[in-house]
Amino acid sequence: MTDSSSSSLPFHAPHEAVSSRPAPSSHSGADPARHAPGPDDTVPPAEDLTEDEDALAPAGHPGGGVLTLVSTPIGNLGDFSDRAAATLAEADLILCEDTRTSARLLTARGITTRTEPLHDHNEQHRIPALIAQLERGRRIAIISDAGTPLLSDPGFRLARAAIAADITLTAVPGPNAAITALTLSGLPPHPFMFSGFLPPRSAARREVLGRLRAAEQAGLSATLIWHEAPHRLAEMLADLADIFGTDRPAAVARELTKRFEEVRRGPVGTLAAWYTDNRARGEITVLLGPPAEDDSGADDLDDRLRAALATLSVKDAASLVAGAINLPRRTVYARALELARQTDDPHR
């Protein structure tokens, strides 16, 4: 995390990078002292923490615990809310994606609640013990390294287990990289579709993107949002340009709320070329605008398939067309089969 003051970005013309560099403030990065709350620990009344009587998380059923999903800053420690800090300070346990990463934030706000790791490799086997603690009335909070828990991080399986056990589940909302990038992108804000990270290998990534393009040809029209690692950004943008078209409007947002915040906007083909020559650094969110209203992708698929089916089997026609328009073969085969049936039975 980088602690710095943030500022809103004005809209800029396509291809233009915008950067905000406010002066940083300093916070200690030392590990916090951690302890398990003792029997004398008390929770201050809500009015001592905030003027809003609803500021604290709900207490849940009498004698029952509460699992709270707490959003943390995506870069600027100043974005951490008083309610979030109070919730973590009053919790019996904080589950962190990485306790070392979370230490700086907790130290900055003087939070000494005990922390434990919760990540993809241990979440499933930890659930029974954590649910047992919640059923005994414990207050447990979940935080990720940055942003809103569960969106790209662990916690979903534990949240589902808490719901199944009728344990109170609540959230303290706050920073979110995908939404922040969407508001700065200049692309249509709704509907949008956030898909986390794409597969790291090109073949698997293109398969996923191909399914999305096929969904567009079936009527999907939304701004698409992903997170991406810096070293894969250029290849990912090249795949987007190849599958969705080089002229599709797009944006790349990086280091949001941090000192070197930047949003670069333009056709996805232009962005792919830029990041091929200029390696990106930092935390990155990629956005792809919806297809144009006159997008002819669905008609193009059917026209190609009908032409191929005139001389080829359904299987061969699907293979030929799928390779030509960068769509998954299974998707194209299903459509080719449907068109072949319609040809056999024109009254369908």
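Positions are given from 1, in the same order as the sequence printed here.
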Close side-chain approach of L77 to R104, heavy-atom, < 4.5 Å: yes
I142 and L95, any side-chain heavy atoms less than 4.5 Å apart: yes
Non-hydrogen side-chain atoms of I94 and T99 separated by less than 4.5 Å: no
Side chain proximity check, L184 to E261, heavy atoms < 4.5 angstrom: yes
F244/L288 under side chain to side chain contact (heavy atoms under 4.5 Å, CB included): CA gap, chis, key distance, verdict: CA-CA 9 Å; F244 294 91; L288 188 73; 3.6 Å; yes
Side chains of E283 and L256 in contact at under 4.5 Å (non-hydrogen atoms): no
Stepwise side chain to side chain contact (heavy atoms under 4.5 Å, CB included) check, R126 with E116: CA-CA 11 Å; R126 293 210 61 194; E116 293 180 2; 2.4 Å; yes
Spacing of T72 atom OG1 and D79 atom CG [to the nearest 0.5 Å]: 10.5 Å
Partner residues of D98 under the salt bridge (charged side-chain N to carboxylate O under 4.0 Å, His left out) criterion, sequence neighbours left out: R100
Spatial distance of atom OG1 (T68) from atom CG (L169) [nearest 0.5 Å]: 8.0 Å
Separation between OG1 of T285 and CG of N176, rounded to the nearest 0.5 Å: 8.5 Å
Least distance between heavy atoms, G289 atom then R248 atom: O-NE, 2.7 Å
Worked verdict on R109 versus D82 for salt bridge (charged side-chain N to carboxylate O under 4.0 Å, His left out): CA-CA 9 Å; R109 296 301 290 262; D82 289 342; 3.0 Å; yes
Nearest heavy-atom neighbours spanning F156 and L150: N-CG, 3.5 Å
Heavy-atom check, side chain of I225 versus side chain of I179, under 4.5 Å: no
Flag, side chain of T223 to backbone of P188, donor-acceptor distance under 3.5 Å: yes
Nearest non-hydrogen partners of A84 and V70, listed with the distance: CB-CG1, 3.7 Å
Donor-acceptor under 3.5 Å (E123 side chain, H119 main chain): no
Main-chain N/O of L312 paired with D316 side-chain donor or acceptor, under 3.5 Å: no
Pairs satisfying salt bridge (Lys or Arg N to Asp or Glu O under 4.0 Å), at least one member in residues 220-238, at least two apart: R205-E235, E228-R232
Contacts of E207 that satisfy salt bridge (charged side-chain N to carboxylate O under 4.0 Å, His left out) - sequence neighbours left out: R211, R330
Stepwise side chain to side chain contact (heavy atoms under 4.5 Å, CB included) check, W226 with L209: CA-CA 11 Å; W226 303 271; L209 294 176; 3.8 Å; yes
Flag side-chain contact, heavy atom, 4.5 Å: L287 against L224: no
Spatial distance of atom CG (L158) from atom CG (L69) [nearest 0.5 Å]: 8.5 Å
Pairwise distance OG1(T170) to CG(L67) - rounded to 0.5 angstrom: 9.5 Å
Side-chain donor/acceptor of S185 to backbone N/O of L182, under 3.5 Å: yes
Electrostatic pair R281-E262, nearest N-O below 4.0 angstrom: no
Contacts of S71 that satisfy side chain to side chain donor-acceptor pair (under 3.5 Å) - sequence neighbours left out: T148
L212 versus L220, closest heavy-atom pair with distance: O-CD2, 4.4 Å
Step-by-step side chain to side chain contact (heavy atoms under 4.5 Å, CB included) determination, V286 to L233: CA-CA 9 Å; V286 177; L233 178 61; 3.5 Å; yes
Rounded distance (nearest 0.5 Å) linking atom NE2 of H227 with atom OG of S195: 10.5 Å
Test side chain to side chain donor-acceptor pair (under 3.5 Å) applied to D247 - qualifying residues, sequence neighbours left out: none
Minimal non-hydrogen separation, D120 against R157, with atom names: O-NH2, 3.4 Å
Contact check, side chains of P249 and P267, non-hydrogen atoms, under 4.5 Å: no
Counterpart residues, salt bridge (charged side-chain N to carboxylate O under 4.0 Å, His left out), relative to R201 (two or more places apart): none
Under 3.5 Å: donor-acceptor pair, side chain of N122, backbone of P117: yes
Shortest non-hydrogen contact between S102 and I143, atoms and distance: OG-CD1, 3.5 Å
R139 backbone acceptor or donor facing D92 side chain under 3.5 Å: yes
Side chain H190, main chain F192, donor-acceptor under 3.5 Å: no
Under 3.5 Å: donor-acceptor pair, side chain of T270, backbone of G266: no
Verdict with supporting geometry, R213 and E216, salt bridge (charged side-chain N to carboxylate O under 4.0 Å, His left out): CA-CA 5 Å; R213 179 57 181 151; E216 288 185 345; 2.9 Å; yes
